[in-house]
Amino acid sequence: MKVAVVLKACCQTVCVRRHICGQLAACHSALQLHNERRPLYHSRKYSTSLAEQFKLATDSKQKQHLKTIFRTEETDPTKHTDVHEGLFYTVSSEDVKRLFQKSLPPIFNKQITTFQEACLMVREPALELFHYINHFNYNHPVPRFMLYGKRGSGKTMTLFHIIHHCAQKDWVIVHVPWPAFWLNHYKEVSVSAHSAHRVDLPYEASDWLQHFCTQNFDLLKDIKTTQTYKWTKRESAAEGTPLLELIDFGLNRVKFAADCVGALLREIRVQASDNKFRVLVAVECVNAFWKDTTIRTESRDFVPAEKLSLVHNFKKMLRSDWTNGIALCTVDVSINLLHERHTHTPHFLLGKKGFEFLDPFIPVLVPEYSDKEVFSCLEYYIDRKWIQNPKGKTDEGKKELIYLSDKNPHALNRMCAPW
Amino acid sequence: MSVLHKKQAQTITDDQQDEEFRTFEIPGLKAKEERKKMRRRTKKVHPPRHLRMRTDQEWINVWPTASTFKWSAVPFPVRQGFVKTQTENEGVIPGKYANAELMKIPNFLHLTPGHIKKHCQAIKKFCTAWPRGLETDESCEKYFPLEVVESDYCVSGPSIRDPRARQVTVKVKLSKLDLDYHARDKMLRLVGNKYNHETDELTLTTDRCPLKKQNHDYAMYLLTALYHESWAREPWEAEKTEADMERYFWDQSKSKSGIISLLTRIKNIDKTSHSEPDARLIPYLPEDVTEETLLLLPELQTYKEAVEDLINEGENHTTVMNYKNSVKKLLNIKTPPS
Amino acid sequence: MATSVNSTCRVLYLHVQNVSRCSSRPFCCSYRRTQQSSVSTERKADHGGTNTVETIIVPRRKKRDSLSILRALSSTVGKDFTAAHNRYLDDPFLIPVSIREKQTYTLSRASGKRAAKYMIENHSPLFQYSNEEPKVQAYQPPQTEYAHPEPSEDALMERIGMRRVIDAIEVYKNLRQSGEKLPLETQLRLLELLAVYNCTDPAPPPLPEETVYSQDAASQRIKLRKTWHTNSIVEELFEDLPEKTPAAYNIMTRGMAKYLDVDGAFGMHKEMLDKGIPVERETYHTLIPLVPYYTEKEKWETVMTLLKEMKERNFQANLATFNSILLSLSRMAAYPQSQKHAMKTLVEMQNCGIEPCLGSWYYIIQVFYYFEDRQSNILHDIVSEVEGKQFTVQDSSDMKFFSNAMMKCFRNLKDLDLAYRIDALLHTGNNIRFLNDAFSEQSYSWYFMQLLCMFETMDKIMEYYERIVPSMWTPAASGMGELLKAIELHDGFEHIPRIWSDVVMFDYMRSDSFTEPLFALMTKKTHPEELQSQFADIAEYMIGRWKQERVDEYTNPIQMTATNVSYIIILCLRSDRFESAWSMFQTYKQHDRMFSGILSDESLVALTNTCIEQKQPEKAIECLSVVGNLGLQNHKELAEKILTEMDLSESQKQHIDVLM
């Protein structure tokens, strides 16, 4: 049995549809039937063949078969292709700690502890973006990609998948997790030292610096500043200072954290344009940049987010005036008030200013689960014993869950919880 | 005891002679005379007249005008009403005798087909022939594009006036009016919610004057004034800002300048970069990149249309996909193979 | 309940040709004209392809006035014979049926209106609010205050305008006393007022409901007499006139003629002729009808003289002239010559091209059929002439045409076909209006009914009866009597129950003069079972009513004769209703003083026989005793019959012996 499993595992990873290895023809015989029955997984078409999958599940007596349907052993996102679509891959815990840490959504965080593993599904939007990333001419200015979709359809997860992919390629990750918190969950507000008409959020800035530091620790050691940055009359960061020092300064002197952020980002831009490294700018919920904060001015008006120095600096990252990088954003409808949630489409959420700023960008739709994906997800939950009720594991139960959740990933997750 | 009674009897007789003395009446001893009940003379009522109606009578004579339901004059049985329980009227829906429900509702016994036929025959002599050439609705709209609606009201009361009668409505389709783009836009702004987008109809309703004729004249004046005003170009219309724009015009937007600068930058990069294979360059950019040459490029045109559609028509799957494809073409971002 | 009718008119406008309509609207016009040309040229430039513009010709609107559509619609409605008159509320309980009821209901309506009028006149401050639009003068409270309370010329004119004769006389007297000079114009007007109204305030016009009952048989027989106030203020005024204009003379003459001061009128006329004052045509119209009362002899000659005078004055004769001649002739109808003169007048009318109105025909009928035995075909000719035409009211005597025509048809001619034709004429168009008061209706229907009863079969009679009774006409008791005769004649006994129900409703069963013939009719012969039982029901009803009314102490209870009682007993017995018969008999025995007359033999015999059949010896003996008391002939036979056919006890036998 175990041999068969190993063989299957090998086949899975190596026997890709288009690049079949002749040497493994022997083990092919064992799995030939299995493979032939397997439908073609085109990247764009969601071929369902549910009946076939179920037949498979009921035909095969070895329960290990089930595992192979929803999981893939390929943990390197750089190697994910169409074959892995709809399958879960495990993110190693070091990667989780390094890259994601506090920026994961709380539900997923809990799920990691519950399932004892962090699994992400390989989905079509992510694969599309990998293709773009692989084939882009990095001499050209930074392209902007926009992930949009209904609430709970998996935009953040896709973003993480891509961050993981870029991190594997040793890119610098500039990840802004949920800037909407800056709008109302800020600890302290101060006028920016750098320019008087902007507003600083020192603690948020320092938190981000910490986050950036953790994500890119290995790479930051080598990067040094190209110019001096003067904080006050007496304090300054000279040219050639390592960025880590800059970050430390920002973490210690919270007052200047925002300016540190600005300096940092500038350095990254300049040095990326010099082809020193590639940068992935990932901003979640970018439509928050064009909203109002809850900070009031003297005249009792709300301060728009654009006046925040953090926002100002990150907006610079999203402009197409530097090269050798990719800007990836998501737009989320959940930061809008209930009566403003007509659509989840980018232009509506960004607004006029945001659209003009980001235009031209490439919107990538993150759809609901396809049929294949939803069954895969359910199998995963069953495997992880998330679905306890025996009826949930039957055909009818699965159909019911799919119907109730309408194939929305978030909804499905919540729906399966009481089961 | 008997002595006492005697004495009482004596005293009774004595007193009766003196004054009126009430006699003691033992209740129940004497049978009381029953008072005669005054019986009202019941009026003899003629049987209802529908029993005398012949089946071949002219109904138009019996019920010439609208009137309340008269049960005695209606020759057919009809029931109306609601009975909640079996005790009410033995569970049977009440008949027509003194049925308030039937009297409350309007009846159309004065407008039977027979009535209408006779009325039409009587009124025909006042009618003229329908004009030739106006057989269809389309031809009516073609030759008579203006529709004026006026109402008269008649109430059975002391006054012949009705304040609603002065209202005049004028309807016209804007496609029948000669309007260029600016005039139509101005007209729509002037008119506001009086314009129905689905039917392309402008409706002007006036009742500000006391007389119908005056309101009619006012409506005509209003229409004329609107038409001429919408053609006129005021000097302050040149101050129209982007916020006032009725549609998104890419030519006047920041997107245009942004794209042009981006493409210029890309061209410059492409010129200087020699190491990259040809496929990576943006191939369609002409040698001299200026605003005019860029605007002539078909890729830019598709992009422009896609952006305009996205914003003007709203975002749906088609428009967003078109936008995506046009941006990909513009920036030469390769589509993954299917 | 107010009903609102909403009608939308869609008016189509041809926008290119609107310029012609613009002329009445200057503002609109000026605005358009400045731009019209530019617009049109632009349009032409746009529609380069279509050069031909079809002209749509919208036909002109047909002329009609505000009422023509309503009239057209009302012409579609005919007469509904089942419906009562419009003035009654349409509900079986509220429709009056007997003659008295109809009168009461109609006059009570008038009474109500008068009460309302009284309220408005006497408490006019309470009725200030009126939201009627347009204002109707007649519904406003009458003006009680004069604008000119003090005597003056204006005051006089005001009172003349408001037709307040007594007040005008007072003002005039005041002015005369104060010596104020009035202009001739005012004086003439005052003279006219006084002459027209005969120095008294005119009576308020009667309400339509009152006019319905204004005429009756008594009023028909009132003789005309002079009412003109001689030596009154009018003559004083006339004498005091500064200048006696021809108008004044004519006014006086006409006034005197109106109020039947025949001598005075003709005296005036003579005076005018002597003084050479021109006599007006209208004066002649008033004088000619008075000729029969003026001269005893040479009446027609006098009329001819007057006509010659008119001819001399070159007056064109009109309908009024001819009507006055015919009126005069109708007053002279007793003379045989009048017929000839009437024909000549008719011919003259035709020559003048004047269409006679119904009043003219009425006069002619009066002339020709004055005496009952006069036979003439003139009515046939008249009806042929007038058939199918619709008339308008032109003369007050038009109203008398139909009832009189029918009366003459019955009395003189006894022609049913002619009656049908007259009836057809009555129901042509709106001619039914000429039968507006109750008396005319009554007489018309009465005579028609009599004709029908005389000549028609029972079915036809009943058909007509069903049609008009009681919606149009309630027959008097005598009318019902005629019907009964017809039933007897045509053997139409099955209609008796129907007639009985009407009789009950008209309340005719009170008088035994009516019920006796009816019951006699019913008992005349035996009928099929069903009909017989219906008759028995009727009999029982009578009994019941009689008793009930006595119990309820009616002031005017039903009266029954003994013959009636006997009929009732027979009817009951024929339907095997012994109990009712016996109860009637008992009642008779108890209150025999209330019944005039005695029971008939037939009934007692029948009763006794039934007692014998029912095997009730006591009752039989009772009957026998009554027979004996009444001294009827069958006494002995009955006694023997009882003895032989019944089992009697000894005491009963003894009783019978005693009775014998």
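Order of the sequence lines sets the chain letters (A, B, ...), proteins ahead of strands, with each chain counted from 1. Only this structure's heavy atoms are used, side chains among them; waters, hydrogens and symmetry mates stay out.
Not a single donor-acceptor pair under 3.5 Å links the side chain of B:Y323 to the backbone N or O of A:P360.
Considering CD1 of B:I311 and CD of A:E356, their distance stands at 7.5 Å, rounded to 0.5 Å. Atom-to-atom distance recorded for B:T335:OG1 and A:H135:NE2 is 11.0 Å, nearest 0.5 angstrom. Note: A:K353 NZ to B:K254 NZ = 7.5 Å, rounded to the nearest 0.5 Å.
With a threshold of 4.5 angstrom between heavy atoms, A:P143 approaches chain B through side-chain atoms but not through N, CA, C or O. Contacts between A:F361 and chain B at a heavy-atom distance below 4.5 Å involve backbone atoms as well as side-chain atoms. For chain B, the nearby part of A:F355 is the side chain; its heavy atoms alone come within less than 4.5 Å.
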**Request:** Would you please test B:N332 and A:N137 for side chain to side chain contact (heavy atoms under 4.5 Å, CB included) and show each step?
**Result:** CA-CA 9 Å; B:N332 200 26; A:N137 179 359; over 6 Å; no
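B:R265 approaches A:D321 most closely through the heavy-atom pair NH1-CA, 3.2 Å. The shortest non-hydrogen separation linking A:I362 to B:I333 is CD1-CD1, 3.0 Å. The two atoms that bring A:Y132 and B:K324 nearest to each other are OH-CE, 3.8 Å, heavy atoms only. When all heavy atoms of A:T343 and B:E315 are compared, the closest pair comes out as OG1-OE1, 4.4 Å.
More than 12 heavy atoms of other residues, nucleotides or ligands lie within 6.0 Å of CZ in A:R341, so this atom counts as buried by the packing criterion. Other residues, nucleotides and ligands contribute at most 12 non-hydrogen atoms within 6.0 Å of the NZ atom of B:K194. The number of heavy atoms from other shown groups lying within 6.0 Å of NZ (A:K150) does not exceed 12.
Within the 4.5 Å cutoff, no side-chain heavy atoms of B:V320 are placed close to those of A:L365. No side-chain heavy atom of B:L310 sits under 4.5 Å from any side-chain heavy atom of A:P346.
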